Engineer: 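So that we are looking at the same thing, I have put the structure below in structure tokens.
Atoms within a ligand are numbered from 1 in the order they appear, just like the ligands themselves. Note that the structure is predicted; figures quoted are calculated from it, not measured.
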Amino acid sequence: MTDGSVVFDRAAGYYDQTRDLPADTAAAQTALLLQQLARRIAPVLEIGVGTGRIAIPLADAGLAVFGVDLSAPMLARLAAKRPGFAAARASATRLPLRDNSVGAVIACHVLHLIPDWRQVIDEVLRVLQPGGLLLVTRGRRDGSAGELQRRLRAAAGAEHARAAGLDNLGDLDELMAGLGAPVTMLPPVPNSASRTAAEFLDLIGDGIFSWTWPLPEERRRQAVAEVREWFTETRGDPAQVRLRASPIQWRRYQLP
Ligand SMILES: C[S@@+](CC[C@H](N)C(=O)[O-])C[C@H]1O[C@@H](n2cnc3c(N)ncnc32)[C@H](O)[C@@H]1O
């Protein structure tokens, strides 16, 4: 029962080590979200809550927030970090919630994983109260890590592979505008995260990121070897070159 979504069972053991943000970036992101959400009386739902990377700091700040996720191992990690945190194993395409019961919905790095993302939006519209908020972000592929990723995809023959779900947030902007909820770009959150190119290449070789999961291991490792060679020739020792992360861009849609 995964409705074709990319479920993160296999990532639960390493997700937090590989995705955690530096403290200053995480704090700035939490502050931005709190600014948007704090005055809401009804609870806030995070779809694809995972290990609680986004939701736990919001709950710690006093917000009534709960989550759904399709991955039992990711939810088990969340429960280990915050026993009693309100979360349910469910798909965002079929939310176990009453109509008009939620003040805001957060979707962080999840809509690109769900083939029927339009059904998710239908569900979000059903459970949100009038005037409710939808806050969305997706990891970006620009910056220096983005260039490396593009080369890795090309080397692995996956340059044209599309995300399982929503590939381009512009499509969501269009859909929401048609519903009277045009997008507002929130101020980008500066991201102080960085890794060396060697660390990034190792993560790809180890199949840490979901876009690499459909690739056979041999092809993935071969692509990493090719790109490591290109990098060394053109940029220098991958262990010495740091890749900076892009700012985090949140989008806000407010229902009429
Ligand atoms: C990249 S993780 C993001 C987790 C969290 N939002 C964060 O930013 O750290 C995506 C999560 O969405 C979950 N997921 C994928 N498809 C889903 C669906 N249809 N309904 C609910 N959760 C889903 C995955 O299992 C995974 O835990």
Engineer: Is any N or O atom of Ile54, backbone or side chain, closer than 3.5 Å to an N or O atom of ligand 1?
Structural biologist: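 No; every N/O pair is 3.5 Å or more apart.
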
Engineer: Are any of the heavy atoms in Thr93 under 4.0 Å away from ligand 1?
Structural biologist: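 Contact absent.
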
Engineer: Which atoms of ligand 1 are found less than 4.0 Å from any heavy atom of Cys108?
Structural biologist: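 So the atoms of ligand 1 that pass are 3 (C), 6 (N), 8 (O).
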
Engineer: Against heavy atoms of Ala92, which atoms of ligand 1 measure under 4.0 Å?
Structural biologist: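 Heavy-atom distances to Ala92 below 4.0 Å select 18 (C), 19 (N), 20 (N), 21 (C).
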
Engineer: Would you say Ala11 contacts ligand 1, with heavy atoms under 4.0 Å as the rule?
Structural biologist: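 Heavy atoms of Ala11 never come under 4.0 Å of ligand 1.
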
Engineer: When only distance counts, is Gly48 in polar contact with ligand 1, meaning an N/O pair under 3.5 Å?
Structural biologist: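 There is such a contact, yes.
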
Engineer: Any N/O of Arg19 closer than 3.5 Å to an N/O of ligand 1?
Structural biologist: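 No; every N/O pair is 3.5 Å or more apart.
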
Engineer: Taking distance alone, with N or O pairs closer than 3.5 Å, would you say Ser5 contacts ligand 1?
Structural biologist: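 Yes; at least one N/O pair falls below 3.5 Å.
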
Engineer: Under 4.0 Å from any heavy atom of Met74, which atoms of ligand 1 are there?
Structural biologist: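 Here the atoms of ligand 1 in question are 27 (O).
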
Engineer: Against heavy atoms of Leu113, which atoms of ligand 1 measure under 4.0 Å?
Structural biologist: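 Listed by number with element, the hits are 10 (C).
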
Engineer: Looking only at heavy atoms, is any part of Val110 under 4.0 Å from ligand 1, and if so is it the side chain, the backbone, or both, or is it neither?
Structural biologist: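 Side chain only.
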
Engineer: With heavy atoms only and a cut-off of under 4.0 Å, state how Val6 meets ligand 1: side chain, backbone, both or neither.
Structural biologist: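 Only the backbone of Val6 comes within reach of ligand 1.
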
Engineer: Can Arg82 and Asp60 be counted as an ion pair, charged N to O under 4.0 angstrom?
Structural biologist: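 A salt bridge links Arg82 with Asp60.
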
Engineer: For Asp3 and Ser5, does a side-chain donor sit closer than 3.5 Å to a side-chain acceptor?
Structural biologist: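 The answer is yes; a qualifying pair exists.
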
Engineer: Taking 4.0 angstrom as the limit, do Arg251 and Asp173 come out as a salt bridge?
Structural biologist: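 The answer is yes: the pair qualifies as a salt bridge.
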
Engineer: Run the salt-bridge test on Asp171 and Arg118 with the 4.0 Å N-O cut-off and return the result as yes or no.
Structural biologist: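 The answer is no: the pair does not qualify as a salt bridge.
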
Engineer: Is Arg94 salt-bridged to Asp122, cutoff N-O under 4.0 Å?
Structural biologist: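 Not counted as a salt bridge, because no side-chain N and carboxylate O are separated by less than 4.0 Å.
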
Engineer: Once you measure the plane-to-plane angle for Phe8 and Tyr15, does it fall in the parallel (<30°), tilted (30-60°) or perpendicular (>60°) bin?
Structural biologist: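 Correct class here is perpendicular.
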
Engineer: Less than 4.0 angstrom from a charged side-chain N to a carboxylate O is my criterion; do Arg220 and Asp206 meet it?
Structural biologist: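 Asp206 and Arg220: not salt-bridged.
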
Engineer: If we set the cut-off at 4.0 Å for heavy atoms, which region of Ile114 has an atom near ligand 1: side chain, backbone, both, or neither?
Structural biologist: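 The side chain, only.
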
Engineer: Look at atom 25 (O) of ligand 1 and find which of Ile56, Ile106, Asp69 reaches it with the closest heavy atom.
Structural biologist: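 Looking at heavy atoms only, Asp69 sits closest to atom 25 (O) of ligand 1.
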
Engineer: Should you measure from each heavy atom of Glu46, which atoms of ligand 1 turn up under 4.0 Å away?
Structural biologist: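 Every atom of ligand 1 under 4.0 Å from some heavy atom of Glu46: 5 (C), 6 (N).
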
Engineer: Using 4.0 Å as the upper bound for N to carboxylate O, is an ion pair formed by Asp202 and Arg228?
Structural biologist: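 Counted as a salt bridge, because a side-chain N and a carboxylate O are separated by less than 4.0 Å.
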
Engineer: Which of the atoms of ligand 1 are close to Ala90, meaning less than 4.0 Å from one of its heavy atoms?
Structural biologist: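 Result: 20 (N), 21 (C).
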
Engineer: State whether the number of non-hydrogen atoms from other residues, nucleotides or ligands found under 6.0 Å of Glu229 atom CD is greater than 12.
Structural biologist: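 Atom CD in Glu229 is not crowded, with 12 or fewer foreign heavy atoms closer than 6.0 Å.
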
Engineer: Checking the side chain of Arg242 only, and the main-chain atoms of Ser194 only, is there a donor and an acceptor separated by less than 3.5 Å?
Structural biologist: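 Looks like yes, one N/O pair under 3.5 Å.
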
Engineer: Say whether His109, considering both its backbone and side-chain N or O atoms, lies within less than 3.5 Å of an N or O atom on ligand 1.
Structural biologist: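 Looking only at distances, the answer is no, because the N/O contact criterion of under 3.5 Å is not met.
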
Engineer: When you look at CD of Glu159, are more than 12 heavy atoms from neighbouring residues, nucleotides or ligands closer to it than 6.0 Å?
Structural biologist: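 More than 12 within 6.0 Å, yes.
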
Engineer: Indicate yes or no: does an N/O atom of Ile47 lie under 3.5 Å from an N/O atom of ligand 1?
Structural biologist: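 N/O-N/O distance under 3.5 Å: no.
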
Engineer: Taking the basic N atoms (NZ, or NE/NH1/NH2) and the acidic carboxylate oxygens, is any pair closer than 4.0 Å for Arg150 and Glu147?
Structural biologist: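 Here Arg150 does not pair with Glu147 in a salt bridge, since their nearest N and O are not under 4.0 Å apart.
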
Engineer: Would you mind telling me if ligand 1 is within reach of the side chain of Val49, the backbone, both or neither, using heavy atoms under 4.0 Å?
Structural biologist: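 The backbone, only.
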
